[in-house]
Amino acid sequence: MKPPATSSSSTSRNPRIISPYQIFILSAFILFAIFLYCQNYIDINNNQDPRPPSFAAENSYKKTVPFSIGETENGCDVFSGRWVWDPANRPMYGEPECPYIQPQLTCQKHGRPDRDYQFWRWEPHGCSIPSFNSSLMLETLRNKRMMFVGDSLNRGQYVSMVCLLHSLIPDHAKSMQTFGSLTVFTAKEYNATVEFYWAPFLLESNSDDAVVHRISDRVVRKGSIKKHGKHWEGVDIIVFNTYLWWMTGADFKILHGGSFDDKVKEIVQVSTEDAYRMAMKSMMKWVKKKMDPERTRVFFTAMSPSHFKSIEWGGKPNENCYNETRPIEDPDYWGSDCDKSIMKVIRDVVKFPVTFLNITQLSLYRKDAHTSIYKKQWTPLTSQQIANPNSYADCTHWCLPGLQDTWNHLLFVKLFYP
Ligand SMILES: *[C@@H]1O[C@H](CO)[C@@H](O)[C@H](O)[C@H]1NC(C)=O
Ligand SMILES: *[C@@H]1O[C@H](CO)[C@@H](O)[C@H](O)[C@H]1NC(C)=O
Ligand SMILES: *[C@@H]1O[C@H](CO)[C@@H](O)[C@H](O)[C@H]1NC(C)=O
Ligand SMILES: *[C@@H]1O[C@H](CO)[C@@H](O)[C@H](O)[C@H]1NC(C)=O
């Protein structure tokens with residue numbers, strides 16, 4: 001571009017006096033520049049999402065989000081809501097109709113006297129959500145792999161997903177097989193699999209054996225996500241969880257070198273929070289490296305709460321979820337079994353492209369939904385235990401059908417209507 005006439009290259013012989021016309025042009029230019037600057041500034045502020053940048057990024061990405069077929073009503077938080085008694089529409093399948101439920105979760109079969117826990121439907125405050133459509137879900141999985149990775153709570157969610165889908169498939173066209181840490185449900189005619197991979201810490205640990213993993217002195221190897229991660233590569237939809245195994249009530253042991261079996265180990269003890277943050281960061285790093293956000297979806301299921309202290313919801317001391325048949329009604333209920341500092345770590349670290357399934361609060365209300373004493377027992381009960389059912393009630397895991405079907409319903413909503 002040629003410099004304007006006011007510049008030194010001016011051909012005019014006159015002394016360099018700025019004419020009123022030039023002043024006009026100059027001020028017009030300055031005003032225009034200010035205008036542009038302000039305009040930009042206003043735009044930036046209008047677009048500024050009050051939520052953290054990860055969510056804003058997710059918003060602009062929505063148009064191309066894989067698997068999406070619609071949107072949840074603007075700004076609706078589907079995880080904030082209430083439980084509604086709805087026996088006409090719940091449960092989503094019958095316990096005897098799903099042969100895949102492990103005996104630790106079949107509460108009716110193990111003598112639970114009520115079925116009330118099956119009849120609650122989750123209703124978000126801000127909007128109504130589409131029903132779970134099992135044919136849509138199964139059709140979407142054609143030629144694809146969906147995998148749940150984590151601990152026994154994630155295994156429950158995995159089984160719930162299989163139960164929600166399997167009735168569409170005739171017996172001869174489906175199978176369930178276990179290969180060490182990996183369990184695979186196959187819908188043959190769809191060339192689809194729904195899989196579960198046991199990795200209670202996501203990272204390599206001394207609790208990785210899929211069967212023998214009841215170790216109280218838990219050790220996790222730093223930065224070792226690849227060890228298990230190589231079994232997740234190529235998956236189209238992946239659902240992670242990890243929480244309970246970190247809650248040892250003491251500092252956590254991280255292995256920095258050598259082997260778990262070495263007599264002398266390079267162990268560093270860190271706080272639970274720091275150990276958990278380290279694992280979350282490893283997960284995010286793995287996802288960014290291995291999962292293509294234009295083709296895949298990744299979810300992280302938040303902490304699953306336990307209900308071991310009845311006194312926290314107004315019950316008697318020394319009791320727990322045993323004999324509970326109704327949800328907690330206090331919308332602000334939060335029990336001490338559920339660590340808020342871990343929630344904060346999740347909030348800080350889990351970001352786009354991982355979708356956070358914030359099921360903690362809605363599950364906190366469900367003191368009635370645990371397996372309690374109505375499950376297969378690993379070891380015979382003593383007469384002392386039998387005399388005091390509170391002493392052996394499982395207030396961590398959930399009956400199926402039940403609460404975890406709702407987790408999958410919300411996963412369905414976040415997958416198809418992000
Ligand atoms: C999870 O949902 C609850 C209930 O809506 C909300 O109070 C909490 O802030 C959410 N947590 C995160 C990390 O978004
Ligand atoms: C469920 O999904 C299938 C396949 O996409 C579709 O044909 C059907 O109409 C859906 N059903 C409902 C009730 O929306
Ligand atoms: C079957 O699914 C796998 C992914 O799980 C895919 O790689 C393969 O191409 C599919 N086979 C056919 C015949 O489409
Ligand atoms: C269970 O709760 C009911 C009331 O909800 C009570 O009548 C009953 O005694 C309780 N049973 C036991 C064994 O605690």
Side-chain angles (χ1 to χ4, degrees), residues 49-56 58 66-70 72 75-83 89 92 122-147 164-165 167-169 173 182 184-195 231-238 241 243 276-277 280 292 295-296 299-305 327-328 330-335 338-352 354-366 406-407 409-410 412-417:
D49 203 295
R51 289 167 299 174
S54 61
F55 290 98
E58 194 174 331
F67 307 109
S68 111
I69 60 169
T72 301
C76 176
D77 176 6
V78 299
F79 302 107
S80 165
R82 63 192 186 115
W83 289 101
N89 294 298
M92 292 160 86
W122 181 248
E123 202 170 81
H125 287 312
C127 55
S128 60
I129 48 176
S131 308
F132 186 89
N133 182 337
S134 45
S135 36
L136 172 61
M137 188 73 218
L138 191 55
E139 206 46 67
T140 301
L141 291 178
R142 195 179 280 280
N143 299 319
K144 293 202 163 48
R145 292 172 71 193
M146 177 175 198
M147 189 187 274
L164 288 165
L165 300 180
S167 61
L168 296 174
I169 309 161
L182 187 67
V184 182
F185 174 79
T186 308
K188 288 175 193 141
E189 283 159 15
Y190 290 82
N191 182 33
T193 59
V194 184
E195 309 175 30
H231 301 281
W232 319 329
E233 286 180 29
V235 167
D236 299 279
I237 301 171
I238 192 160
N241 93 323
Y243 166 59
Y276 191 81
R277 183 178 290 105
M280 289 283 105
D292 174 0
R295 208 182 54 77
T296 66
F299 297 90
F300 182 80
T301 307
M303 306 130 77
S304 173
I328 292 168
D330 173 8
D332 298 323
Y333 174 76
W334 190 283
C338 210
D339 194 319
K340 273 198 164 150
S341 66
I342 294 293
M343 190 63 141
K344 191 176 172 302
V345 174
I346 296 175
R347 194 198 311 257
D348 291 347
V349 181
V350 176
K351 301 195 155 125
F352 174 83
V354 179
T355 303
F356 178 43
L357 295 178
N358 183 4
I359 49 78
T360 304
Q361 184 69 64
L362 66 90
S363 307
L364 272 159
Y365 302 139
R366 296 303 306 276
T406 293
W407 298 4
H409 182 195
L410 295 172
F412 169 92
V413 171
K414 285 285 172 192
L415 179 64
F416 292 109
Y417 305 89

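Residue numbers run from 1 in the order of the sequence given. The figures that follow rest on heavy atoms only: side chains count, while hydrogens, waters and symmetry mates do not. Atoms within a ligand are numbered from 1 in the order they appear, just like the ligands themselves.
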#### Entry: Element-labelled atoms of ligand 3 that are located less than 4.0 Å from some non-hydrogen atom of Asn191
1 (C), 2 (O), 3 (C), 8 (C), 10 (C), 11 (N), 12 (C), 14 (O)

### Query
In terms of side-chain heavy atoms, does Thr360 have a donor or acceptor partner in Trp334 at a distance below 3.5 Å?
no

### Query
Does a side chain donor of either Ser135 or Asn133 reach within less than 3.5 Å of an acceptor in the other side chain?
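Looking only at side-chain atoms, Asn133 and Ser135 do form a donor-acceptor pair, the distance falling under 3.5 Å.
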
### Query
Side chain, backbone, both or neither: which part of Ile346 comes within less than 4.0 Å of ligand 1 when only heavy atoms are counted?
neither

### CA sep, side-chain torsions, deciding dist, call: Tyr276, Asp339, side chain to side chain contact (heavy atoms under 4.5 Å, CB included)
CA-CA 12 Å; Tyr276 191 81; Asp339 194 319; over 6 Å; no

### Query
Does a side-chain heavy-atom distance below 4.5 Å link Ile169 with Leu138?
yes

### Message
Side chains of Ile237 and Arg145, heavy atoms from C-beta outward: is any pair under 4.5 Å?
### Response
no

### Message
In the complex you have, is atom 11 (N) of ligand 2 within reach of the protein, judged by whether a heavy-atom distance drops under 4.0 Å?
### Response
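Yes.
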
#### Entry: Test item: protein heavy atom less than 4.0 Å from atom 2 (O) of ligand 3
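Within 4.0 Å of atom 2 (O) of ligand 3, protein heavy atoms are found.
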
### Query
Could you go step by step and tell me if Met303 and Ile346 meet the side chain to side chain contact (heavy atoms under 4.5 Å, CB included) rule?
CA-CA 9 Å; Met303 306 130 77; Ile346 296 175; 4.1 Å; yes

### Message
With respect to Gln361, determine whether any N or O atom, backbone or side chain, lies less than 3.5 Å from an N or O atom of ligand 1.
### Response
no

For [atom], what is the closest protein heavy atom, and at what distance to 0.1 Å?
{"atom": "atom 5 (O) of ligand 2", "value": "Leu136 CD1, 3.7 Å"}
{"atom": "atom 4 (C) of ligand 3", "value": "Asn143 O, 3.4 Å"}
{"atom": "atom 13 (C) of ligand 2", "value": "Asn133 ND2, 4.5 Å"}

### Query
N/O of Asp236 under 3.5 Å from N/O of ligand 3, yes or no?
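Checking ligand 3 against Asp236, no N or O pair falls under 3.5 Å apart.
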
#### Entry: Asp77: numbered ligand 1 atoms lying under 4.0 Å from its heavy atoms
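Atoms satisfying the 4.0 Å criterion: 5 (O).
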
### Message
Please list, in number order, the atoms of ligand 1 under 4.0 Å from a heavy atom of Met343.
### Response
11 (N)

### Task
Give a yes or no on this: more than 12 heavy atoms of other residues, nucleotides or ligands lie within 6.0 Å of atom NZ of Lys188.
yes

### Summary
Restricting to heavy atoms, the pick from Arg347, Lys344, Lys340, His125 nearest atom 9 (O) of ligand 1 would be Arg347

### Task
In sequence, state the C-alpha distance, the side-chain angles, and the governing distance for Phe412 and Trp407, and then conclude on side chain to side chain contact (heavy atoms under 4.5 Å, CB included).
CA-CA 9 Å; Phe412 169 92; Trp407 298 4; over 6 Å; no

